[in-house]
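Heads up: the structure comes next, in structure tokens.
These figures come from a predicted structure and were not determined experimentally.
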There are 2 protein chains.
Amino acid sequence: MTDRTTRERILDAALDLFGVRGVVAVSLDEIARDVGVRKQTVLYWFDSKEALVDGVLDKVAAELVIVIDAAVRSAPDDPLDRIDAVVRAVFRPAVRRPGLLGLVREVSRLSQGQADRLAERIAPLIDRAVAYLGDEMAAGRLRSGDPRLIAALGYATITGIATEPEVLRAVGWTADAAGLRSLRDELRAFLRAALQA
Amino acid sequence: MTDRTTRERILDAALDLFGVRGVVAVSLDEIARDVGVRKQTVLYWFDSKEALVDGVLDKVAAELVIVIDAAVRSAPDDPLDRIDAVVRAVFRPAVRRPGLLGLVREVSRLSQGQADRLAERIAPLIDRAVAYLGDEMAAGRLRSGDPRLIAALGYATITGIATEPEVLRAVGWTADAAGLRSLRDELRAFLRAALQA
DNA sequence: ACGATTGTCTACCAATTGGTAGAGAGAGAT
DNA sequence: ATCTCTCTCTACCAATTGGTAGACAATCGT
């Protein structure tokens, strides 16, 4: 039975550091120090830095899927409420872990391979949203429009908010969880206003 | 008379490279190579990499101020039209230069000093937007709400869209100028729907 | 004509990066 | 008891990073 804790702890530390300061800016040494282990131990668990990033992406994607599924299942049938629940659900881990979604953005700038692997994990989520929006529009329960555009805009806005707290705080905005939540609520209001049938 | 062209060319190259691949990921050597000069020449014009980043920020902020001012001045008096014009104006340079706004985001993750210097440049722009929204709401020409929240949301969304093309393309979205424009137009529609008095 | 200034260069440097090679500790199974 | 496998370690390495020191040419005002 492979000892899981070290690997898990490396993933946790890497996720936090990558998310806050960026993948390129964080060295394996720093991650190792954070975990209380040598850099070579990190390279034992992950063949390369790229493999580590990949592992972190797996973790993030898996978390997102679980969180979204749970939100969809427990939300009422009304599409606006359901969208609302998903937005709130996606924000919850993002607030708890600053930069979780910021990582998603940065990875696409690394290598083509990593951008592709990222797409494999994000695409299904967006596709689900597109299909859902399309269905509800066809049923007349949402104001009709281009579901792809709306999904893409929502995706961009959510990652925008989630990765922006540094800037917002610098501008005089509070970047704590409360500030992020009010911003999230404003987004929810926008979505309601724009999508209401 | 200081020869301006080399310095300007360095700034241009740095802006493009920083914006697309990130500040930490781009070395002075690479920028120098791009300009056709040695790295030490870059360090002659800018005392350090941080100073170069600072110079690039100055350039970006100055461009943004000019562009926004022009848009405000030439837009009709109606607040929705005016907001519309500003959104379009801000996107224009962002589309021409991929990652111009992405740079703004990343810089805040570097050092505290650079985050602060960034704030000095961005804050006035957001403050102007907040003041304007507040005035128009008070005059009953926009649906009332919290202007700070709306301005922050708009800022986050715009930088989100502008820095997301890589991800969106990876997901099957076209990241060319046309794709960015449809996304921008969707944002404009959202703003209209949410702000209309 | 000439000294000073401006701009670019060659030649280094210490520090850090991601990564390799291989030793050794610890536990389980036989 | 020892063999094996899992895990973490020490000891390196080549390459690259941002940055320094100083030579050399061109251009300038005088």
Side-chain angles (χ1 to χ4, degrees), chain A residues 1-58 103 106-107 109-115 117-118, chain B residues 1-59 103 106-107 109-115 117:
Chain A
M1 162 182 127
T2 63
D3 179 5
R4 190 75 119 340
T5 62
T6 300
R7 199 189 138 98
E8 279 301 317
R9 273 159 58 214
I10 291 173
L11 279 176
D12 278 340
L15 171 52
D16 285 337
L17 289 171
F18 285 163
V20 172
R21 303 224 326 279
V23 171
V24 252
V26 173
S27 71
L28 297 182
D29 249 323
E30 193 174 354
I31 296 168
R33 214 177 306 131
D34 219 61
V35 175
V37 95
R38 300 285 165 263
K39 168 180 64 171
Q40 290 74 5
T41 301
V42 174
L43 283 166
Y44 167 79
W45 290 106
F46 302 91
D47 287 348
S48 65
K49 190 178 186 179
E50 198 167 331
L52 172 58
V53 173
D54 230 48
V56 171
L57 282 185
D58 272 333
L103 175 65
E106 192 199 9
V107 167
R109 311 208 295 193
L110 300 181
S111 70
Q112 189 56 48
Q114 257 166 356
R117 280 190 294 271
L118 172 64
Chain B
M1 162 182 125
T2 63
D3 179 5
R4 204 41 134 359
T5 60
T6 301
R7 197 190 139 96
E8 278 300 320
R9 273 160 56 215
I10 292 173
L11 279 176
D12 278 341
L15 172 52
D16 285 337
L17 288 171
F18 285 164
V20 172
R21 303 226 325 280
V23 171
V24 255
V26 173
S27 71
L28 297 182
D29 250 324
E30 192 172 355
I31 296 168
R33 213 177 306 132
D34 219 61
V35 176
V37 93
R38 297 287 165 261
K39 169 181 64 171
Q40 290 74 2
T41 301
V42 174
L43 283 167
Y44 168 79
W45 289 105
F46 303 90
D47 286 348
S48 64
K49 190 179 186 180
E50 197 167 331
L52 172 58
V53 172
D54 229 47
V56 171
L57 282 186
D58 272 334
K59 195 183 156 90
L103 175 64
E106 192 200 8
V107 167
R109 311 209 294 190
L110 301 182
S111 70
Q112 189 56 46
Q114 257 166 354
R117 281 191 293 272

*Compare the minimum distances between each of D:dG18, D:dT20, C:dG19 and the side chain of B:K49, then state the nucleotide with the smallest one.*
D:dG18
_Tell me the interatomic distance from A:K39, atom NZ, to C:dT20, atom P, rounded to whole angstroms._
11 Å
*asked:* For A:R117, give me all partners under salt bridge (charged side-chain N to carboxylate O under 4.0 Å, His left out), at least two apart in sequence or on another chain.
replied: A:E50, A:D54
*Rounded off to whole Å, could you give me the CD-to-C1' distance for the A:Q40 and D:dT6 pair?*
17 Å
_Nucleotide nearest A:R38 when distance is taken to its side chain, options D:dT8, D:dT10, C:dT8_ = D:dT10
*With heavy atoms under 4.0 Å as the rule, sort B:V35 into base, sugar-phosphate or nothing.*
nothing
*Side chains of A:W45 and A:L11: closer than 4.5 Å at any heavy-atom pair?*
no
*OP1 or OP2 of D:dC7 less than 4.0 angstrom from a side-chain nitrogen or oxygen of A:T6, does that happen here?*
no
*When the nearest nucleotide of DNA chain C is assigned to A:D47 and to A:S27 on a heavy-atom basis, which residue is associated with the more 5' position?*
A:S27
*Expressed in angstrom and rounded to an integer, what is the separation of B:I31 atom CD1 from D:dT16 atom C1'?*
15 Å
_Just to be sure I understand the rule, does A:L43 reach a base, reach only the sugar-phosphate, or reach nothing, if contact means heavy atoms closer than 4.0 Å?_
base
*Measure from CG on B:D29 to P on D:dT17 and round the result to the nearest Å.*
6 Å
*So what does B:V42 hit on the nucleic acid, given a heavy-atom distance under 4.0 Å: a base, only sugar-phosphate, or nothing?*
nothing
*Over all heavy atoms of both residues, which pair between A:S48 and A:L43 is shortest? Give the atoms and the distance, please.*
CA-CD2, 4.0 Å
*Quickly work out the B:W45 CH2 to D:dG19 P distance and round it to whole Å.*
18 Å
*Grab the CZ-P distance between B:F46 and C:dG7 for me, whole Å please.*
12 Å
*Round to the nearest Å and state the distance from B:Y44 atom OH to C:dT10 atom P.*
17 Å
*Is there any salt bridge (charged side-chain N to carboxylate O under 4.0 Å, His left out) pair reaching into residues 26-36 of chain A, and which pairs are they, with sequence neighbours excluded?*
A:R21-A:E30
*Compare all side-chain heavy atoms of A:L52 with those of A:L28 and state whether any distance is below 4.5 angstrom.*
yes
_Between D:dC7 (C1') and A:I10 (CD1): distance, integer Å_ = 11 Å
_Can you identify which nucleotide, out of C:dT10, D:dT10, D:dG19, has its nearest atom closest to the B:L28 side chain?_
D:dG19
